[in-house]
Asker: 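Below is one structure. I have some questions about it.
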Amino acid sequence: MTIGEEVVVQLNHISGDRCRLMVQAPKDMAILRGEVLERTGGERPECVFDTPRRQRQEVVWNRGKTQALNSMRQLLSRMDSGDKDVKALRRQLDVIFPPEFASNETIRAPK
């Protein structure tokens, strides 16, 4: 995005729900983030706002989910015939849901 003839704002990087901007402007032009402006006693413009931080999600673990997880494990056990893809799937399942996972009632979902 170009502002006037001397200022260019460019999207530099996106990661999850955050992004990094690059601003090119003449050295004599002050560019301050809203939080820096506020620290120095200025007021943040109305159009600039903080996005709420994502809170950790909680997954309520119930009996139905425990039964589904146990069924998947049993099915994989019956499929274990030396097939490396089945073994890889079992390892992935154990990473996502360690065997002790279902013993907790409330599990914090990974970020």
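The shown structure was predicted, so the numbers you read here are calculated from the model rather than taken from an experiment.
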Asker: Rounded to the nearest 0.5 Å, how far apart are CD of Gln92 and NZ of Lys87?
Answerer: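 Reported to 0.5 Å precision, the distance equals 15.0 Å.
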Asker: Within a strict 4.5 Å, meaning less than it, do heavy atoms of the Ile3 and Val9 side chains meet?
Answerer: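 They are in side-chain contact.
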Asker: Should Leu21 and Asn12 count as side-chain neighbours, where that means a heavy-atom distance under 4.5 Å?
Answerer: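 They are not in side-chain contact.
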Asker: Just verifying a value: how many Å separate Gln24 CD and Glu6 CD, rounded to the nearest 0.5 Å?
Answerer: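 Rounded to the nearest 0.5 Å, the CD-CD separation comes to 12.0 Å.
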Asker: What are the two closest non-hydrogen atoms of Met72 and Leu93, and how far apart are they?
Answerer: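 For Met72 versus Leu93, the nearest heavy atoms are CB-CD2, 4.3 Å.
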Asker: How long is the span from the CD1 atom in Ile14 to the CZ atom in Arg20, to the nearest 0.5 Å?
Answerer: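 The distance works out to 11.5 Å.
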Asker: Using a 4.5 Å cut-off on heavy atoms from C-beta on, say whether the side chain of Phe97 contacts that of Arg73.
Answerer: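 Yes, close enough: below the 4.5 Å cut-off.
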Asker: Hey, any chance Met1 and Leu11 share a hydrophobic cluster, counting ILVMFWY side chains that come within less than 4.5 Å of each other, even indirectly?
Answerer: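 Yes.
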Asker: Might you work through the side chain to side chain donor-acceptor pair (under 3.5 Å) test for Arg90 and Ser77, ending with a clear yes or no?
Answerer: CA-CA 9 Å; Arg90 174 178 285 290; Ser77 292; 2.8 Å; yes
Asker: Looking at side-chain heavy atoms only, is the closest gap between Val7 and Thr2 below 4.5 Å?
Answerer: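 Side chain of Val7 against side chain of Thr2, heavy atoms only: no contact under 4.5 Å found.
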